[in-house]
Amino acid sequence: MQSMKDWLKEPSWKRRLEETFKLPYMQNLEAFLHAEIQAGKTVYPQSHETFHALNVTPFDKVKVVILGQDPYHGEGQAHGLCFSVPQGVRVPPSLRNIYKELRNDLGIEAPSHGCLQNWAEQGVLLLNSVWTVEQSKAASHQKKGWEKFTDKIIGLINDEKEHVVFILWGAYAQKKGAFIDVSKHLVIHGLHPSPLSAHRGFFGQHYFSRTNTYLDQHGQQTIDWSLPTSGQTSLTLK
């Protein structure tokens, strides 16, 4: 297994996090992941995609942060971007609800796939709090060090940047984002898009239009929330 710091390729993040990889909690996390893999356990996402969120969204380009909790734990689902799945993988229920809110907010129809990389390439950091998971065992890598690493990343954005939009869905994400400086960033709260909670207040909050209004007010390029369609079909949302 390659050293964890070698999974991170993007220079602006690599420079800021180089010393963090040397800290005991990160070394313990790496040892844990090594042991899991050596024990024959399947870990998602694959190692080369674990830092995909950072590799595809350089620090200097971050305009929006969407914070999730854990990677999907089904085969082929997790690819390092929260709420996103690769093309060809069935769209998960939480993402279907995000697509419903996008349609209600901006009139954008959902694509037939669940890959959000186009958002990431525009500066939307799709960040999970925990970055790995054992196959078919939800939350199995919580409290191993990832949460502290995520706090470091949020802290860097909070301290070094201005006018970033943080979209925090659910109590867990809101707790993780409690220290964000609301005097220089916009924090948008909502319930989690999971079918278990979405109908209690996730819908109707206009996350996407509010984000673009804020970015525009502060002289930044807005996000094109539409996603490239795979073929000519779109997802049917009821």
Side-chain angles (χ1 to χ4, degrees), residues 10-13 15-17 52-69 81-84 94-111 114-129 150-193 197-198 200-229 237:
E10 202 289 313
S12 63
W13 283 113
R15 183 174 67 254
R16 286 174 171 84
L17 295 168
H52 191 45
L54 302 185
N55 285 331
V56 78
T57 311
F59 180 87
D60 298 335
K61 292 188 177 180
V62 174
K63 295 188 284 189
V64 182
V65 178
I66 296 178
L67 186 60
Q69 187 166 347
L81 306 177
C82 73
F83 296 107
S84 179
S94 292
L95 184 53
R96 290 177 70 95
N97 284 333
I98 292 170
Y99 283 169
K100 287 180 185 178
E101 174 65 10
L102 182 61
R103 182 183 63 188
N104 294 338
D105 186 8
L106 294 175
I108 295 173
E109 292 298 330
C115 182
L116 304 180
Q117 179 146 333
N118 183 260
W119 293 358
E121 291 172 350
Q122 295 180 72
V124 182
L125 184 61
L126 296 168
L127 194 66
N128 273 317
S129 178
T150 301
D151 285 344
K152 172 67 176 177
I153 290 167
I154 296 172
L156 285 169
I157 297 168
N158 181 62
D159 294 343
E160 293 189 33
K161 297 182 74 71
E162 292 186 342
H163 309 312
V164 173
V165 181
F166 291 84
I167 300 176
L168 307 179
W169 286 324
Y172 185 88
Q174 289 163 27
K175 184 178 179 181
K176 295 294 290 181
F179 63 86
I180 298 165
D181 185 350
V182 296
S183 70
K184 64 175 185 174
H185 303 292
L186 175 64
V187 179
I188 302 176
H189 296 94
L191 289 188
H192 196 277
S197 58
R200 300 203 305 266
F202 170 76
F203 294 113
Q205 302 303 312
H206 305 287
Y207 310 101
F208 308 101
S209 59
R210 287 165 66 189
T211 294
N212 277 352
T213 296
Y214 180 84
L215 293 175
D216 186 60
Q217 287 173 343
H218 291 91
Q220 298 194 68
Q221 180 69 37
T222 57
I223 305 298
D224 178 1
W225 294 104
S226 62
L227 290 161
T229 302
L237 301 175

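Keep in mind that the numbers below use all heavy atoms, side chains included, and drop hydrogens, waters and symmetry copies. These numbers were taken from a predicted model, which means no experiment stands behind them.
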N/O donor-acceptor pair under 3.5 Å between [X] side chain and [Y] backbone:
X    : Y    : answer
Q174 : H189 : no
S197 : L191 : no
K184 : D159 : yes
N158 : D181 : yes
W169 : G68  : no
S12  : P58  : no
T222 : N212 : no
T57  : V62  : no
Q220 : H163 : yes

Would you give the length of the straight line joining atom [atom1] of [X] to atom [atom2] of [Y], rounded to the nearest 0.5 angstrom?
X    : Y    : atom1 : atom2 : result
L95  : S84  : CG    : OG    : 7.0 Å
L81  : L125 : CG    : CG    : 9.0 Å
L186 : L215 : CG    : CG    : 8.5 Å
H192 : Y172 : NE2   : OH    : 11.0 Å
Q69  : K176 : CD    : NZ    : 10.0 Å
L127 : I167 : CG    : CD1   : 13.0 Å

Side chain to side chain contact (heavy atoms under 4.5 Å, CB included) between L17 and L156, worked out: CA-CA 9 Å; L17 295 168; L156 285 169; 3.9 Å; yes
Y214-H185 aromatic ring centre distance below 6.0 Å: no
Any idea which heavy atoms bring [X] and [Y] closest together, and the distance?
X    : Y    : result
A110 : Y99  : CB-CD1, 3.4 Å
T150 : S129 : OG1-O, 2.7 Å
W13  : I153 : CH2-CG2, 3.6 Å
D151 : F179 : O-CZ, 3.8 Å
P193 : F83  : CG-CE2, 3.8 Å
R210 : Q205 : NH1-O, 3.0 Å

Over-ring placement of K100 relative to F202, 6.0 Å and 45° cut-offs: no
Audit row: F208, I98, side chain to side chain contact (heavy atoms under 4.5 Å, CB included) steps and yes/no: CA-CA 10 Å; F208 308 101; I98 292 170; 3.9 Å; yes
Other residues, nucleotides, ligands: >12 heavy atoms within 6.0 Å of K61 NZ: no
Any side-chain donor near an acceptor of the partner, H52 and Q117, under 3.5 Å: yes
Distance-only polar pair, side chains of N118 and Q122, donor-acceptor under 3.5 Å: yes
Side chain to side chain contact (heavy atoms under 4.5 Å, CB included) assessment of W119 paired with V64: CA-CA 9 Å; W119 293 358; V64 182; over 6 Å; no
The single option from L168, V164, V65 passing side chain to side chain contact (heavy atoms under 4.5 Å, CB included) against V187: L168
Step-by-step side chain to side chain contact (heavy atoms under 4.5 Å, CB included) determination, Y207 to V165: CA-CA 10 Å; Y207 310 101; V165 181; over 6 Å; no
Can you name the salt bridge (charged side-chain N to carboxylate O under 4.0 Å, His left out) partners of [X], sequence neighbours left out?
X    : result
E160 : R16
D224 : none
K63  : none

Worked verdict on D105 versus S209 for side chain to side chain donor-acceptor pair (under 3.5 Å): CA-CA 7 Å; D105 186 8; S209 59; 2.7 Å; yes
